[in-house]
**Q** 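This is the structure I want to talk about, given as structure tokens.
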Amino acid sequence: MPAKLLEGKIIADSLKAKIKAEVDGLKTKHNRAPKLLAVQIGENASSSVYVKAQKKVAESLGIEYELKVLPETFSQAQAEALIKELNNDKNITAIILQLPVPKGIDAKILVKGIAPEKDAEGMHPENLGKILLGNYKIGPCTAMAVMELLESTKINLYGKEAVVVGHSEIVGKPLSLMLLNKFATTTVCHIGTGQRGTLPEHVKRAEVLIVAVGKAGIVKGDWVKEGGIVIDVGINKVGDKIVGDVEFGPASERASYITPVPGGVGPLTTAILMRNTVELFKAGA
Ligand code: NAD
């Protein structure tokens, strides 16, 4: 039987409804709204698309949104000074740095400069550390989106064989900790696994498979375990199409649940960004 589709938009809509109700309550209680501030350095077509989408979602939920576009010529020191200033602005709940940044700017240093109490993307070392300790309300948006998709299946992760392919700081690593917090038996595969040639044997064991590599079709459909859950984070442009990292057709013949690409993880990440903002507001209110 073909897999059920885990459609991000439907799950995002129900999450957004919950966030909106919470924001309404917070506004009544505190007489002000959470505010998300986005910093963009230079003009960039892909950033502009994200920023537009963020503004639309934020405003639909009653969250204030402001975009600060800095000139392309801004130096690292100027950007760091601005972030310090924003950290001290009591009207701002959360800050997000839009990527990519121009050459010569070190985004990692800027992200670390965002105060942990204002860290909309949950990428500050202190917030990442809380995930390690299993005590967190906010986190990297894509990893949190994957957990939300898994939760929507109502499947108990306790003791399940979970395999994460990809160990980036924004997806694979935090996600593996989140899965461990749910007591999934978690394996993390990466380029070393791929080069050793043992990726198929790990993937074949996965009752829960999450792939975040960025290589179209790197996971073959016939590696997917019968009845397994497949979350495909990958976004790859092949010709004029966007595809994931998993061979969707054959994989969906074997899996119980699978995310489409596009339309799986992607639509949820902006909703999680808003949830992070609301959690930061509550923590600071
Ligand atoms: P990345 O590009 O930083 O790292 C890629 C990872 O894949 C690394 O951990 C690397 O070790 C691993 N890898 C590379 N080749 C491999 C191989 N042959 N076998 C096994 N592992 C291999 O990763 P990222 O930033 O997490 O992005 C991964 C993908 O997810 C990209 O396609 C990106 O566009 C997508 N992405 C999607 C969203 C979303 O909202 N849907 C968000 C973030 C990233």
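Basis for what follows: all heavy atoms, side chains included, without hydrogens, waters or symmetry-related copies. Indexing begins at 1, ligand by ligand and atom by atom, following the structure's order.
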**Q** For atom 4 (O) of ligand 1, what is the closest protein heavy atom, and at what distance to 0.1 Å?
**A** Ser168 CB, 4.2 Å
**Q** Under 4.0 Å and counting heavy atoms only, is there anything from the protein next to atom 27 (O) of ligand 1?
**A** no
**Q** Taking side-chain hydrogen bond (donor to acceptor under 3.5 Å, both in side chains) as the test, write out the residues that go with Gln78, two or more places apart.
**A** Ser75
**Q** Under 4.0 Å from ligand 1, counting heavy atoms only, is it the side chain of Val213, its backbone, both or neither?
**A** both
**Q** Using the side chain to side chain contact (heavy atoms under 4.5 Å, CB included) rule, pick out the option among Leu175, Ile231, Ile155 that qualifies with Leu150.
**A** Ile231
**Q** If you count the atoms of ligand 1 from 1 in the order shown, which ones are under 4.0 Å from a heavy atom of Thr269?
**A** 40 (O)
**Q** For atom 15 (N) of ligand 1, find the nearest protein heavy atom and state the residue, atom name and distance (0.1 Å precision).
**A** Lys215 NZ, 2.8 Å
**Q** State which residues pass salt bridge (charged side-chain N to carboxylate O under 4.0 Å, His left out) with Glu226; sequence neighbours excluded, sorted by chain then number.
**A** Arg254
**Q** Show the atoms of ligand 1 that are less than 4.0 angstrom away from any heavy atom in Ile218.
**A** 17 (C), 18 (N), 19 (N)
**Q** As an exercise, identify every atom of ligand 1 less than 4.0 angstrom from a heavy atom of Val171.
**A** 26 (O)
**Q** Below 3.5 angstrom, do we get any N/O pair linking Ile235 and ligand 1?
**A** yes
**Q** How are the rings of His190 and His167 set relative to one another: parallel (under 30°), tilted (30 to 60°) or perpendicular (over 60°)?
**A** tilted
**Q** What part of Gln195, side chain, backbone, both or neither, has a heavy atom within less than 4.0 angstrom of ligand 1?
**A** neither
**Q** Just how far is it from atom NZ of Lys112 to atom NE2 of His124, taken to the nearest 0.5 Å?
**A** 8.5 Å
**Q** Can you list the atoms of ligand 1 that are under 4.0 Å from a heavy atom of Gly194?
**A** 19 (N)
**Q** Who gets closest to atom 36 (N) of ligand 1 by heavy atom: Thr270, Val233, Ile272?
**A** Val233
**Q** Are the charged groups of Lys204 and Glu201 less than 4.0 angstrom apart, N to O?
**A** no
**Q** Under 4.0 Å from any heavy atom of Gly266, which atoms of ligand 1 are there?
**A** 40 (O), 41 (N)
**Q** Who's the nearest protein heavy-atom neighbour of atom 29 (C) of ligand 1, and how far?
**A** Gly214 N, 3.7 Å
**Q** For the CG atom of Leu15 and the CD1 atom of Ile272, what is their distance to the nearest 0.5 Å?
**A** 5.5 Å
**Q** Quick test: of every protein heavy atom, which one is nearest to atom 8 (C) of ligand 1, and how far off is it to 0.1 Å?
**A** His167 ND1, 3.7 Å
**Q** Rounded to the nearest 0.5 Å, what separation is found between the CZ atom of Phe281 and the CD atom of Glu22?
**A** 10.5 Å
**Q** Please say whether Asp245 places an N or O atom under 3.5 Å from an N or O atom belonging to ligand 1.
**A** no
**Q** Between CG of Asn276 and CG of Leu280, what distance do you get to the nearest 0.5 Å?
**A** 6.5 Å
**Q** Have a look at Val219 and tell me which of Val230, Leu209, Asp245 forms a side chain to side chain contact (heavy atoms under 4.5 Å, CB included) with it.
**A** Leu209
**Q** Which option, Ile191, Ile170, Thr142, owns the non-hydrogen atom nearest atom 12 (C) of ligand 1?
**A** Ile191
**Q** From atom 6 (C) of ligand 1, work out which of Gly172, Ala216, Ala212 has a heavy atom at the shortest distance.
**A** Ala212
**Q** To the nearest 0.1 Å, how far is atom 20 (C) of ligand 1 from its closest protein heavy atom, and which atom is that?
**A** His190 O, 3.1 Å
**Q** Taking NZ, NE, NH1 and NH2 as the nitrogens, is one of them in Lys55 or Glu59 under 4.0 Å from a carboxylate oxygen of the other?
**A** yes
**Q** Starting at OG1 of Thr93, measure out to CG of Leu36 and round the result to the nearest 0.5 Å.
**A** 8.0 Å
**Q** With atoms numbered from 1 as shown, which atoms in ligand 1 lie under 4.0 angstrom from a non-hydrogen atom of Gly166?
**A** 6 (C), 7 (O), 9 (O)
